[in-house]
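To keep things clear, I will list the structure first and then write my remarks on it.
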Amino acid sequence: MLKYMKVYNTNGRSGYLKKFFVTAPPLFLEAPYKRYKLFMQKQLYTTYSTEMSVVDTYKVKGINPNKSLTNDQLIEKVMANPKEYYNYKKKKFVLEALQDSFKLSKDKAYNLIRLLNFKANNNSIPALS
Amino acid sequence: MSTISKWVTRRTLKKDLDAILVMAGARGSCKSGSALSLAYEIDRDYQGNSRFFMKPPKGFELKKGEVMPRVVFTPTDFLNMISTVNLPKNSCIVFDEVGVAGDSREFMSKKNRMLKQVMETIRSKNLVLLLTAPTLASFDASFRRSMSMYIRCLGRATKELILNPGK
């Protein structure tokens, strides 16, 4: 609830102060104040811009560069170093290893692993033999 | 002396209280200007000379004939002013843009909590604090609770200045 300030005039009659006027500050105070404000604004904006440059990156988790690759392109990537994804005891490629390293969905990883295991069974991957 | 400054000085010098005045209003409604002129009017020594000055901060230079008004923009400046400078009773400090320093959206940050504790315990120093912000909601609610007067600024009233801004 708003409460106005109670004031008395010269006759002793009371009233409420609802509006008053303030004169402008003297120039020798106002001029340095304005410059100081600009100085502080510059400091504030520069600190914020440096902070924002760290936060404001467009590397969102959902955007995956491997998502748009075809199976052939992914197989080429696996062929570069197939031993990392291959289990020699079971003689099969490991699903989790492929999924984690290329950040693939489960369906896409299953498709890829089927092709890779087929190639491995036919001895068409020379690096494994 | 205006009624406001009389009220403030009576509060600080006779009643042993402090005065936290909040100047709120839209952008360009002369919040800072009126805070400066009010502080310049209130902050006087026993001879009537103004003492609303401070040392210029680092990296800031004054021109000839100018004096640095006691204006702070950051919480560190404000706390330094209170703790290091020995301010007499009825001294004014203008805490400009308190919505930036004590933002209401950072209500549980360490900065806001410290400022709130300072505001609650500052009475014994008998200072006059003038806070400027666009609205009452733009700064922390705890400062709002400790304020003693709210002044709504409505802008310039003189026609001459609006017609001839160069004057």
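Note on naming: letters A, B, ... go to the chains in the order of the sequence lines (proteins, then strands), and numbering restarts at 1 for each one. For the numbers below, each heavy atom of this structure counts, side chains included, while hydrogens, waters and symmetry mates do not. Please read all numbers here as calculations on a predicted model, not as lab measurements.
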Please determine whether the number of non-hydrogen atoms from other residues, nucleotides or ligands lying under 6.0 Å from atom [atom1] of [X] exceeds 12.
X: A:K37; atom1: NZ; result: yes
X: B:F107; atom1: CZ; result: no
X: B:N86; atom1: CG; result: no
X: A:Y110; atom1: OH; result: no

Answer with yes or no whether the hydrophobic clustering places [X] together with [Y]; edges join I, L, V, M, F, W, Y residues whose side-chain heavy atoms lie under 4.5 Å apart.
X: B:I42; Y: B:V85; answer: yes
X: A:L38; Y: B:V72; answer: no
X: B:L87; Y: B:L17; answer: no
X: A:M79; Y: A:L74; answer: yes
X: B:L79; Y: B:F139; answer: yes

Heavy-atom distances under 4.5 Å only: say whether [X] touches chain B with side chain, backbone, both or neither.
X: A:L44; result: side chain
X: A:Y36; result: both
X: A:K34; result: neither
X: A:L29; result: both

Looking at chain A, which one of [options] has the largest number of heavy-atom pairs inside 4.5 Å, strictly under?
options: B:L38, B:D96, B:V100, B:L62; value: B:D96
options: B:A35, B:G59, B:C30, B:A39; value: B:G59
options: B:S32, B:C153, B:S2; value: B:S32

What are the two closest non-hydrogen atoms of [X] and [Y], and how far apart are they?
X: A:M5; Y: B:W7; result: CE-CB, 3.6 Å
X: B:S37; Y: A:T23; result: OG-O, 3.0 Å
X: B:V67; Y: A:P32; result: O-CG, 3.2 Å
X: A:M40; Y: B:F73; result: CG-CD1, 3.5 Å

Exercise for the section: Measure the CZ-CD1 distance between A:F20 and B:I4 for me, rounded to the nearest 0.5 Å. Expected result: 4.0 Å
Problem - Separation of A:K19 NZ from B:L154 CG (nearest 0.5 Å) - result: 6.5 Å
Fill in the blank from the handout: By side chain to side chain donor-acceptor pair (under 3.5 Å), B:R10 pairs with (sequence neighbours left out) none
Completion exercise
Filtered by a 4.5 Å non-hydrogen cutoff, the part of residues 90-98 of chain A contacting chain B is none
Handout entry: Heavy-atom contact with chain A under 4.5 Å, split by part of B:P56
Key = neither
Handout entry: Toward chain A, the part of B:K6 with a non-hydrogen atom under 4.5 Å
Key =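 Answer is neither: B:K6 stays 4.5 Å or more from chain A.
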Problem - Ring geometry between A:F28 and B:Y40 (parallel below 30°, tilted from 30 to 60°, perpendicular above 60°) - result: perpendicular
Problem - Check: B:E61 main-chain N/O paired with A:R35 side-chain donor or acceptor under 3.5 Å - result: yes
